[in-house]
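Counting starts at 1 for both ligands and their atoms, following the listed order.
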Amino acid sequence: MVLNTPMNHPIPVDHLRGKDLTARLNLRDIPKVLLHEHLDGGLRPATVIELAAEQGYAGLPTTDPEALADWFHRGAQRGNLPEYLEGFQHTTGVMQTADALERVAFEFIEDMAEDGVAYAEVRFAPVFHTSGGLTQDEVVQAVVNGLRRGEKSFGVRWGLIICAMRHLKDSLEAAELAIRCRDLGVVGFDLAGGEDGFPPKKHVEAFQAIERANFYITIHAGEAYGPESIWQALQYCGAHRLGHATRLRDDIEILPDGTMKLGRLAQYILDRRVPLEMCLISNLHTGACASLEEHPFGMFFQRGFRVCLNTDDRLMSDTTMTKETTLATELFDLSLADLEKLTLNAMKSAFAPFDERIKLIYQTIKPGFAKAHASLM
Ligand code: HPA
Ligand code: ZN
């Protein structure tokens, strides 16, 4: 099937790429899968303000939603991870009651539906939500209640990931919590927080507990530190997926003829099909990449790595899945077939059970892309 361009040159739909594609198709309307988003990084600004008033949290810099959004965005764009993470003290500060946690989780699902996301994994560190007197199990239960109510209202499927923090010593307790809460909808375990100075192998006991429970591991690695951190995440800690892995580019040499020479680590990640949860805008904000144009996502995708697109922190980085997908399409000249590939990469890599992944692929993702394809003819 061909399209007529304004100049009447027919372009096959499959050849429609980059800005030609985004001019014709609103990428909100294709099915998307999100594997890497922090619950405490994606609140609505107005919700932060309302929850602060309800809980008597006096730390916010302003109570005007637009000014607050702007404050978070400016705070996140200082070019390094430690400063990027400073804003989280306010979002976690207002998530200290069961009602607040339930609301934030419910709104997360509502936002996903609005953004055209069919399946989302969301993560957070329960340890930051106990200053109002909740136990960590109660914290998880409140979040699950909100996610379940959201799913009932909006039909978005979800999985919850429990984060341990790299700078804390209680990662084994966090792993045990994740395992205990598995039947509630917890699908995996992550290590988050400042990367430089906090190597993943310090938490190896926690990851061994997860492995012994036949459970799943993703680790933030290669965002604010180099390939050594990625290597430890994989080979000491048994990561099944990697958060960011941006600095894997340091293990790839571009030869004069433009081909890529992969180091042993990059080759292993390619061969083993290790999923890379890439986050473009957040990487720009934390300085993991100098510019979006130079982000290694394009070269990783081209070389066949199992990459997918993610938001990381929708509030802090002022982003959505539609925005990340549109940006990637325009920057790296992607086609609709490329976007389907990326979505399938994500769905295949999800921690949801195999049967659920297959169902989402055949009942939601493939029909959604077929519809988008047809709309362009
Ligand atoms: N890296 C580590 N920890 C985080 C991040 C991140 O990008 N976002 C929220 N917590
Ligand atoms: Zn993250």
Are F215 and F189 close enough that their ring centres sit under 6.0 Å apart? no
Any chance the rings of W231 and Y236 have centres within less than 6.0 Å? yes
Which atoms from ligand 1 have a heavy atom of [X] less than 4.0 Å away?
| X | answer |
| --- | --- |
| E223 | 1 (N), 2 (C), 6 (C), 7 (O) |
| L85 | 3 (N), 4 (C), 5 (C), 8 (N), 9 (C), 10 (N) |
| D312 | 6 (C), 7 (O), 8 (N) |

Could you verify whether a donor N or O on one side chain and an acceptor N or O on the other, from E107 and T47, lie under 3.5 Å apart?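 Yes, T47 and E107 have a side-chain donor paired with an acceptor closer than 3.5 Å.
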E110 and S153 side chains, donor-acceptor separation under 3.5 Å: no
My understanding is that only one of L265, L262, I252 makes a side chain to side chain contact (heavy atoms under 4.5 Å, CB included) with L270; could you say which? L262
Hey, does the Lys NZ or Arg CZ of R241 hover above the aromatic six-ring of F351, less than 6.0 Å from the centre and inside 45° of the axis?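 Ring-cation test returns yes.
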May I ask you to check if R157 and Y119 form a cation-pi contact, with NZ or CZ under 6.0 angstrom from the six-membered ring centre and within 45° of the axis?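 No, a cation-pi geometry is absent between R157 and Y119.
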Please report which non-hydrogen protein atom sits nearest to atom 10 (N) of ligand 1, along with the residue it belongs to and the distance in Å to one decimal place. H38 CE1, 3.3 Å
Round to 10° and report the angle made at the Zn ion (ligand 2) by OD1 of D312 and NE2 of H38.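 OD1 of D312 and NE2 of H38 make an angle of 100° at the Zn ion (ligand 2), to the nearest 10°.
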Check [X] against ligand 1 and report side chain, backbone, both or neither, counting heavy atoms closer than 4.0 Å.
| X | result |
| --- | --- |
| L81 | side chain |
| H244 | side chain |
| D313 | side chain |

When you measure from atom 3 (N) of ligand 1 to each heavy atom in G41, G193, S317, G194, which option holds the nearest one?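 Minimum heavy-atom distance to atom 3 (N) of ligand 1 goes to G193.
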N, O or S of H244 under 2.8 Å from the Zn ion (ligand 2):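 Looking at H244, which is the residue asked about, there is no N, O or S atom under 2.8 Å from the Zn ion (ligand 2).
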